[in-house]
Amino acid sequence: MLSRNFRLQKVGDFSWLKKHYNFEKIAFSIDELIILDVTREGRSINEFSAAIKEVVKNVFIPVSVGGGIRSMSDAEIMLNSGADKVVLNTALYNDRNLILSLIERYGSQVIIGSVDYQIENGVKNVYIENGVSKIVENLEKYIENIEKMSIGEIYLNSIQKDGTGQGYDINSLSSILLKISTPVILAGGAGNHNHLIEGLKQNSVDAVATANLFNFLGDSLPKSREEILNQKIDLARFSTLDSFIK
Amino acid sequence: MKVAIIDYGMGNIYSIQSALSFIGVESEYTNIKENIFKSDRIILPGVGSFRKAMQQIQFLELDRIIKEAVYERNIPVLGICLGMQLLGNSSTEDGYTEGLGIFNGIVTKFNFEDPGIKVPHVGFNCVNNPSDSVLYKDISENSDFYFVHSYKMSSTETSGIGYCNYVMNFVASFEQRRVFGTQFHPEKSQTNGLRLLKNFIDLAR
């Protein structure tokens, strides 16, 4: 099962998503929502933003959006469609001016730098363009470089662990994590609540992300949150929208 | 009931508008004096640079309009995030910039010697409700709200301040007669935030 990459497994379009997932409800099990457009060809920023508007209606948590954002105007469209932050991966590497202009206009907090890496012959290589192109710098050097631009957060994703459900790549990251002074969202590999707990207990990990549990295991998100709270990890507590309406 | 959300080109207001519409309140994104004066509540939103925001506000003469609305027309105002900071006296962001001076507070950067303490302060964190609070009516003590900021406000005022702690205490919210501010984003703070917005809407003038 290690080779299956759920992140890129097609499950349905946005209307399918809306029909099968009640985001208003799911929102009460998570602190933030990240929506990534992984379309490889024929991306349309306008279609994506229209979909975002629909999905985030009545979702009152921070929403980050990424995939194909290449210009100020792309970012502006997303930020006017209910996104609070943009997730940048390829542009983070090859368009420093865009990063700096975004920070100047919206502040550092608006950028989540997404970093995809995989370990090859003991070297942590960084990939851009949907995990297709390898760049020259290794992970440590690359993170050092992007931290100089003072972005808001770093979304650190292990390509090898992503979609496996076998847990985060914590062991090989621990020394790098300690050097990062930007808030880190750990991604890639979570398959159950124990993985989330492991991630959160790691020094210098500020948040854990999962697509796996969310998409494939029924009501495991609310249960995971409960389990994490049972471990005395301090997560926010909120009541549901139903209780608000009453 | 109509809320004017002040438009000075730096708001990220989609979610503020959806939150207001969720609690059944009409809002308008505007910088027109007449519309602001006709509104029942004013929200000053904002993300980005303090200095740029003040330049825009002054350029559009919104500083005078907001002050007249609050002081002479008794319209309650709520500043959110950068909007709250703008209501204060000054900020050290990009040098020194004067704020609107409607609330007695100054804004400085989080500055920690320990590199393990990260800036921005981002995520849900809990707030100590001030006593006799209007904003936190029916919201339990130490409820969680969503923060994302690198600059924080401090104030010598003692009443009506809600504090949050991120290594140090800072002003998470203030309330003084018609002047309100939250460093956190109520529109991004699940039901706690919706309730707070509703309290702002429902307050007696």
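Just so it is clear: chains get the letters A, B, ... in the order the sequence lines come, proteins before strands, and each one is counted from 1.
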*Asks:* Step through the shown structure and confirm whether more than 12 heavy atoms of other residues, nucleotides or ligands are within 6.0 Å of CD on Glu137(A).
*Replies:* yes

*Asks:* Any chance CG of Asp132(B) has more than 12 other-residue heavy atoms, nucleotides or ligands included, within less than 6.0 Å?
*Replies:* no

*Asks:* Taking atom OG of Ser18(B) and atom NZ of Lys57(A), what is their separation to the nearest 0.5 Å?
*Replies:* 8.5 Å

*Asks:* Can you tell me which portion of Lys53(A) sits under 4.5 Å from chain B's heavy atoms? Options are side chain, backbone, both or neither.
*Replies:* both

*Asks:* Among residues 198-208 of chain A, which ones touch chain B with a heavy-atom distance under 4.5 Å?
*Replies:* Ser204(A), Asp206(A)

*Asks:* Taking all heavy atoms of Asp84(A) and all of Lys188(B), pick out the closest pair and write down the distance.
*Replies:*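 Distance-wise, the nearest heavy atoms are OD2-NZ, 2.6 Å.
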
*Asks:* Check whether Glu187(B) gets within reach of chain A through its side chain, its backbone, both or neither, counting any heavy atom under 4.5 Å.
*Replies:*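 Just the backbone, heavy atoms under 4.5 Å.
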
*Asks:* Distance from Cys81(B) atom SG to Gln109(A) atom CD, nearest 0.5 Å?
*Replies:*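 So the SG of Cys81(B) and the CD of Gln109(A) are separated by 7.0 Å.
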
*Asks:* Got a second to check how far Phe60(A)'s CZ is from His185(B)'s NE2, nearest 0.5 Å?
*Replies:*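 Answer for the CZ-NE2 pair, Phe60(A) versus His185(B), is 15.0 Å.
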
*Asks:* Is it the case that atom CG in Asn145(A) sees more than 12 heavy atoms from other parts of the structure closer than 6.0 Å?
*Replies:*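 Atom CG in Asn145(A) is crowded, with more than 12 foreign heavy atoms closer than 6.0 Å.
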
*Asks:* So what's closer than 4.5 Å to chain B heavy atoms on Val184(A): side chain, backbone, both or neither?
*Replies:*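 Contact with chain B is through both the backbone and side chain of Val184(A).
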
*Asks:* List for me each residue that meets salt bridge (Lys or Arg N to Asp or Glu O under 4.0 Å) alongside Asp95(A), sequence neighbours excluded, and say none if there are none.
*Replies:*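 So Asp95(A) forms no salt bridge (Lys or Arg N to Asp or Glu O under 4.0 Å) with any residue.
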
*Asks:* Can you check whether Glu32(A)'s main-chain N or O pairs, donor with acceptor, with Tyr146(B)'s side chain at less than 3.5 Å?
*Replies:*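 Such a contact is absent between Tyr146(B) side chain and Glu32(A) backbone.
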
*Asks:* Counting only heavy atoms from other residues, nucleotides and ligands, does the tally under 6.0 Å from CZ of Phe59(B) exceed 12?
*Replies:* no

*Asks:* What do you reckon, is CG of Asn171(A) surrounded by more than 12 foreign heavy atoms closer than 6.0 Å?
*Replies:* no

*Asks:* Does CD in Glu157(B) sit with more than 12 non-hydrogen atoms of other residues, nucleotides or ligands closer than 6.0 Å?
*Replies:* yes

*Asks:* Chain A heavy atoms under 4.5 Å from Ser189(B): which part of the residue, side chain, backbone, both or neither?
*Replies:* backbone

*Asks:* Heavy-atom cut-off 4.5 Å, strictly under: side chain, backbone, both or neither for Ile23(B) against chain A?
*Replies:* side chain

*Asks:* Where do Asn80(A) and Tyr14(B) come nearest, in terms of heavy atoms and distance?
*Replies:* O-CD1, 3.7 Å

*Asks:* Which region of Ser150(A), side chain (C-beta onward) or backbone (N, CA, C, O), has a non-hydrogen atom less than 4.5 Å from a non-hydrogen atom of chain B, or is it both or neither?
*Replies:* neither

*Asks:* With a 4.5 angstrom heavy-atom cut-off, could you sort out which part of Val122(B) is near chain A: side chain, backbone, both or neither?
*Replies:*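 The side chain, not the backbone.
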
*Asks:* I'd like to know which of Pro120(B), Ser15(B), Gly116(B), Pro186(B) tops the heavy-atom pair count under 4.5 Å against chain A.
*Replies:*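 Greatest number of close heavy-atom pairs with chain A: Pro120(B).
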
*Asks:* Is atom NZ of Lys198(B) surrounded by more than 12 heavy atoms (other residues, nucleotides or ligands) closer than 6.0 Å?
*Replies:* no

*Asks:* Which atoms of Ile30(A) come close to chain B, meaning under 4.5 Å heavy atom to heavy atom: side chain ones, backbone ones, both, or neither?
*Replies:* backbone

*Asks:* Minimum heavy-atom separation for Phe124(B) and Ala236(A), please, with both atom names.
*Replies:*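 So the two residues come closest at CB-CB, 3.4 Å.
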
*Asks:* Side chain, backbone, both or neither: which part of Glu153(A) has an atom under 4.5 Å from a heavy atom of chain B?
*Replies:* side chain

*Asks:* Using every non-hydrogen atom in the two residues, find where Asp144(B) and Leu235(A) come nearest and quote the distance to one decimal.
*Replies:*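 Scanning both residues, the minimum pair turns out to be OD2-O, 4.5 Å.
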
*Asks:* Given side-chain contact (heavy atoms from CB on, under 4.5 Å), test Ile61(A) with Gln190(B) step by step and report yes or no.
*Replies:* CA-CA 6 Å; Ile61(A) 51 171; Gln190(B) 309 256 33; 3.1 Å; yes

